[in-house]
Amino acid sequence: MLLLTGGAACVPDVGPVEPAQCETVGEQRCAGDRLEVCDANWQWQVDASCPFCLDGACLTAPRPRCVGLPATCGPDGDEDCCATLPVPGGEFDRYNDPALHVTLTSDFALDRFEVTVGRFRGFVASYTGEPPEEGAGAHPRVPGSGWDPAWNDDLPEDAEALKKALLCGQVSAGLWTDEPGENEDKPINCVRWVVAFAFCAWDGGYLPTEAEWLRAAGGTAQSLYPWGGEDLPPDDRAVFGCRGDGAPSPDCSDEDIPRVGSFSPGGDGEWGHADLVGSMNEWALDVRGDLPAECTDCASLDATAPIYRIRSGGHWRAGAGELKLDPGNRVGVNQSYQYDDLGIRCARELP
């Protein structure tokens, strides 16, 4: 029997569609990232308790996207590029200003290193242009901080468009290469804010708030630099002034951007995070504006277009003064822009 549909085409009447069948009760398989299990009625059912599925099995490791990524980061090139370290919550004064007192009610995890080209490659490989689901990548303690469909049009339309954007117009030191090469352990750059947000959501995390980033960068004392005060200048502690290759140069190029963590541990923050200043500016969740006064688990989210997001930390081209954790160095960048000094570091809840 044939059914006429809309007067335009005929399709076979195949009857009701049966749910997907399986053959062995308890059998498991991966359907994308989700684990499915064959139930007592021989139907495939999603196991919601499994955070990630790989090779037909539930993977409970905290960083499933990093499975198989070689350990090539840090000063000796032998550390896990996806390493994450805890940052304690608590009360502190941003920039040592009592008027800017903030409370973080929970400890959180923060990437030890900036996201590398090699780590970002997995995101590019899976990228289709489909935006994250509404609310994805939300900060667990900041209401309304998840993905907003209003950002959808700011995403590259497909993987090829994303790759092109990562070249920074081919006039700057874009570190992305379509094929793996010498930049795999260098920080990814030329990433606009919406792409950074989408990456962290894909990776099971979120963009840190400005307060969280300051907590990690300034430490308990909210020092001038992650490693301490003014008596400890950034020479041999940070990537800045186009001298990441070890020598000042009047001609800045991607050769001045070394492997992430190259100046560790001398340039690390109190809790072991590398390159918090220098190397790449890092996108934060917050919108640029006056710092919120005394607050708890706060972030500035309200803005009208064009939206300028906080980027923190100074960068590989910057002068030494731009690396200081000083409110004068707070800068907002249009979230639609990408530059060769803008990268990513993700936060996440502690397991």
Side-chain angles (χ1 to χ4, degrees), residues 69-70 72-79 81 111-121 123-124 156 159-193 195-196 199 225-227 233-264 266-268 273-283 311-324 329 331 333-334 336-345:
L69 194 68
T72 59
C73 293
D76 298 319
D78 58 358
E79 292 188 42
C81 298
D111 291 343
R112 166 157 155 73
F113 303 112
E114 294 167 327
V115 174
T116 61
V117 171
R119 181 175 160 196
F120 197 78
R121 196 170 294 282
F123 176 72
V124 174
E160 290 306 310
L162 174 57
K163 293 175 185 178
K164 183 177 180 180
L166 292 171
L167 298 178
C168 272
Q170 299 182 343
V171 296
S172 303
L175 295 174
W176 172 260
T177 56
D178 286 349
E179 298 297 329
E182 297 179 354
N183 293 345
E184 297 303 282
D185 52 14
K186 292 186 176 186
I188 189 67
N189 60 358
C190 300
V191 180
R192 67 183 66 169
W193 185 88
V195 173
F199 171 85
Y225 300 110
W227 54 83
D235 294 354
D236 302 321
R237 295 178 186 272
V239 181
F240 72 102
C242 297
R243 56 185 300 277
D245 58 358
S249 170
D251 299 315
C252 296
S253 72
D254 59 5
E255 293 181 358
D256 292 302
I257 307 172
R259 176 176 61 238
V260 296
S262 292
F263 287 92
S264 183
D268 291 352
H273 301 85
D275 301 319
L276 285 162
V277 298
S279 187
M280 294 294 156
N281 282 306
E282 299 168 11
W283 287 113
R311 64 100 176 114
S312 301
H315 54 90
W316 62 280
R317 296 177 185 269
E322 296 175 71
L323 306 186
K324 295 179 180 179
N329 284 332
V331 175
V333 176
N334 189 311
S336 297
Y337 292 175
Q338 63 257 354
Y339 296 109
D340 64 4
D341 60 13
L342 272 170
I344 317 171
R345 188 188 306 257

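Since the structure is predicted, the reported quantities are computational estimates derived from the model, not experimental observations.
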For [X] versus [Y], what's the shortest heavy-atom pair and its separation?
X	Y	result
Asp340	Trp316	O-NE1, 3.1 Å
Arg112	Glu79	NE-OE1, 3.0 Å
Asn329	Arg311	O-NH1, 3.9 Å
Ser253	Ala173	C-CB, 4.3 Å
Pro187	Pro258	CD-O, 3.7 Å
Ala159	Val124	CB-O, 4.0 Å

Indicate yes or no: at least one non-hydrogen side-chain atom of [X] is less than 4.5 angstrom from one of [Y].
X	Y	answer
Leu342	Asn281	yes
Arg119	Asp111	yes
Ile188	Phe199	no
Phe120	Leu166	yes
Val277	Phe240	no
Val333	Trp193	no

* Asked: Can you say whether the rings of Tyr337 and Tyr339 are parallel (under 30°), tilted (30 to 60°) or perpendicular (over 60°)?
  -> perpendicular
Heavy-atom donor-acceptor pair, [X] side chain to [Y] backbone, under 3.5 Å:
X	Y	result
Asp341	Met280	no
Asn183	Leu175	yes
Lys186	Ile257	yes
Asp76	Asp78	no
Arg345	Asp275	yes
Asn189	Gly343	no

As an exercise, state the distance from [atom1] of [X] to [atom2] of [Y], rounded to the nearest 0.5 Å.
X	Y	atom1	atom2	result
His315	Cys242	NE2	SG	9.0 Å
Ser262	Phe113	OG	CZ	9.0 Å
Asp235	Arg237	CG	CZ	9.5 Å

* Check the side chains of Trp176 and Asp178 for a donor-acceptor pair under 3.5 angstrom, ignoring hydrogens and angles. => yes
* Asked: Would you say the side-chain atoms of Glu184 and Thr72 include a donor-acceptor pair closer than 3.5 Å?
  -> no
* **Short N-O contact, Asp256 and Arg317, less than 4.0 angstrom** => no
